[in-house]
Amino acid sequence: MKMGVEQAACILAMISTQEEHKLVSSDVISAKLQVSPSYLKKMLRKLVVHQLIVSVPGNQGGIKLTRPPNEITIYDVFVAIEESGPFIELNGLIPQAFPESEVAPEGEKMLKDIFAEAQENYFSTLKKVTVADVLKQIIGTAQFRVVDWNQKPKRQEIQALRRKMQLGDEIE
C-alpha cells in the first residue's frame, strides 16, 4: 500500500471533522501533512476525480466532502489512490523456470487464483468500513464535526473536545 492512502485518509479525516459549513484550506492540509502544496494538489486531484472531495475556489474556498463520511468507504479511499488493479501480475515465470514440467501452467493458475481471492477478501473488508465508522471508533462518538482546522487547534483543545464529546456535553 502506498503512503498516499494514509495521506488520503488523513485528508478525509480532517475534512470530516471540520465544523459544519466550513471548508478546510489546502494550505492547512499541506502544513499538517508536511507535504508540498504541489504534491498535495496531485493527491487532492485523485480524490476529486474519484468524487470523494470537491475543491471550492476563492478567498473563502477550500476542500469539502462530496457526500457524508458515512457514505465514503475505506475502499473508496484505497481505490482513489491505488487504483483497483490486481495485486499481482504473473509474467509467465513459473512455466519459464520449469519448462520440463507439465504442471507449471497449473501452478501459475493456482497462484494467480490465490492472489485474486485474497484481493477479493481484502476489498470486501475495506468496503464494509466507512470513514465515519473509523472516526466514531477513534473519537468515541458520532459527533465529530467540531474542529476548525483553519484555526490550527492545539493538542489540548482537541483532547478537551474529545472528552466533551464522549461525555455527551454540548460543544460551544
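In this chain, residues are counted from 1 in sequence order. Model, not experiment: these values are computed from the prediction.
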Report summary line: Correct closest heavy-atom pair for Gln7 and Leu33 would be O-CD1, 4.1 Å
Requested in this report: Using the rule that two of Ile, Leu, Val, Met, Phe, Trp, Tyr join whenever any of their side-chain heavy atoms come within less than 4.5 Å, decide whether Phe78 and Phe115 are in one cluster.
Outcome: no
Query raised in the report: Mind checking whether Val77 and Val129 sit in one hydrophobic cluster, side chains of I, L, V, M, F, W, Y counted as touching below 4.5 Å?
Result: yes
Report task. Could you check if a side-chain atom of Val5 sits within less than 4.5 angstrom of a side-chain atom of Glu82, using non-hydrogen atoms only? Result -> yes
Query raised in the report: Does CD in Gln51 sit with more than 12 non-hydrogen atoms of other residues, nucleotides or ligands closer than 6.0 Å?
Result: no
**Report entry** NZ on Lys127 to OG1 on Thr125, rounded to 0.5 Å
**Finding:** 10.5 Å
Query - Electrostatic pair Glu106-Lys109, nearest N-O below 4.0 angstrom - result: no
Query raised in the report: Under 3.5 Å, is there a donor-acceptor pair between the Asp133 and Thr130 side chains?
Result: yes
Query raised in the report: Out of curiosity, does Tyr122 fall in the hydrophobic cluster containing Ile72 (side-chain heavy atoms, cut-off under 4.5 Å, transitive links)?
Result: yes
Requested in this report: With sequence neighbours left out, write down each residue that passes side chain to side chain contact (heavy atoms under 4.5 Å, CB included) with Arg45, or none if nothing qualifies.
Outcome: Val48, Val49
**Report entry** Cluster check Val56, Val28: I/L/V/M/F/W/Y, side chain < 4.5 angstrom
**Finding:** no
Query raised in the report: Can you name the closest pair of heavy atoms from Ser30 and Ser36 and give their distance?
Result: OG-C, 3.6 Å
Query raised in the report: Looking at side-chain heavy atoms only, is the closest gap between Ile53 and Leu12 below 4.5 Å?
Result: yes
Report summary line: Ser101 and Pro105 have their tightest heavy-atom pair at O-CD, 4.3 Å
Query raised in the report: Should the heavy atoms of other residues, nucleotides or ligands under 6.0 Å from CD of Glu100 be counted, would the total exceed 12?
Result: yes
Requested in this report: Determine which pairs satisfy side chain to side chain donor-acceptor pair (under 3.5 Å) with at least one residue from residues 59-70, sequence neighbours left out, and list them in order.
Outcome: Arg67-Asp76
Query raised in the report: When rounded to the nearest 0.5 angstrom, what distance separates CG in Leu65 from CG in Leu52?
Result: 8.5 Å
Report task. Mark yes or no for whether Asp113, through its side chain, and Met110, through its backbone, hold a donor-acceptor pair below 3.5 Å. Result -> no
Query raised in the report: Between the main-chain N or O of Leu93 and the side-chain N or O of Asn91, is there a donor-acceptor pair closer than 3.5 Å?
Result: no
Query raised in the report: Considering the options Val134, Ile15, Val131, which one meets the side-chain contact (heavy atoms from CB on, under 4.5 Å) requirement together with Pro69?
Result: Val131
Report summary line: CH2 of Trp149 to CD1 of Ile63, rounded to nearest 0.5 Å, is 15.5 Å
Query - Side chain proximity check, Ile88 to Lys112, heavy atoms < 4.5 angstrom - result: no
Report task. Would you confirm whether Ser124, through its side chain, and Glu120, through its main-chain N or O, come within 3.5 Å as a donor-acceptor pair? Result -> no
Query raised in the report: Rounded to the nearest 0.5 Å, what separation is found between the CD1 atom of Ile81 and the NZ atom of Lys46?
Result: 5.5 Å
Query - Straight-line distance of Gln151 CD to Ser25 OG, nearest 0.5 Å - result: 11.0 Å
Query - Non-hydrogen atoms of Ala8 and Leu47 that approach each other most closely - result: CB-CD2, 4.1 Å
Report task. Could you name each residue pair satisfying ring pair (Phe, Tyr, Trp, His ring centres under 6.0 Å) that touches residues 18-76, not counting sequence neighbours? Result -> Tyr75-Phe123
Query raised in the report: Atom NZ in Lys32, atom SG in Cys10: separation rounded to 0.5 Å?
Result: 9.5 Å
**Report entry** Beyond-backbone contact of Ile29 with Met14, side-chain heavy atoms, under 4.5 angstrom
**Finding:** yes
Query raised in the report: Distance-only, no hydrogens or angles: does the Glu108 side chain make a donor-acceptor pair with backbone N or O of Pro95 under 3.5 Å?
Result: no
Query raised in the report: Hey, are the side chains of Leu111 and Ile94 touching, using non-hydrogen atoms and a 4.5 Å cut-off?
Result: yes
Requested in this report: With side chain to side chain contact (heavy atoms under 4.5 Å, CB included) as the test, would you mind laying out the steps for Ile11 and Leu44 before giving the verdict?
Outcome: CA-CA 9 Å; Ile11 291 167; Leu44 294 175; 4.0 Å; yes
Query raised in the report: So do Leu135 and Thr17 actually touch side chain to side chain, heavy atoms under 4.5 Å?
Result: yes
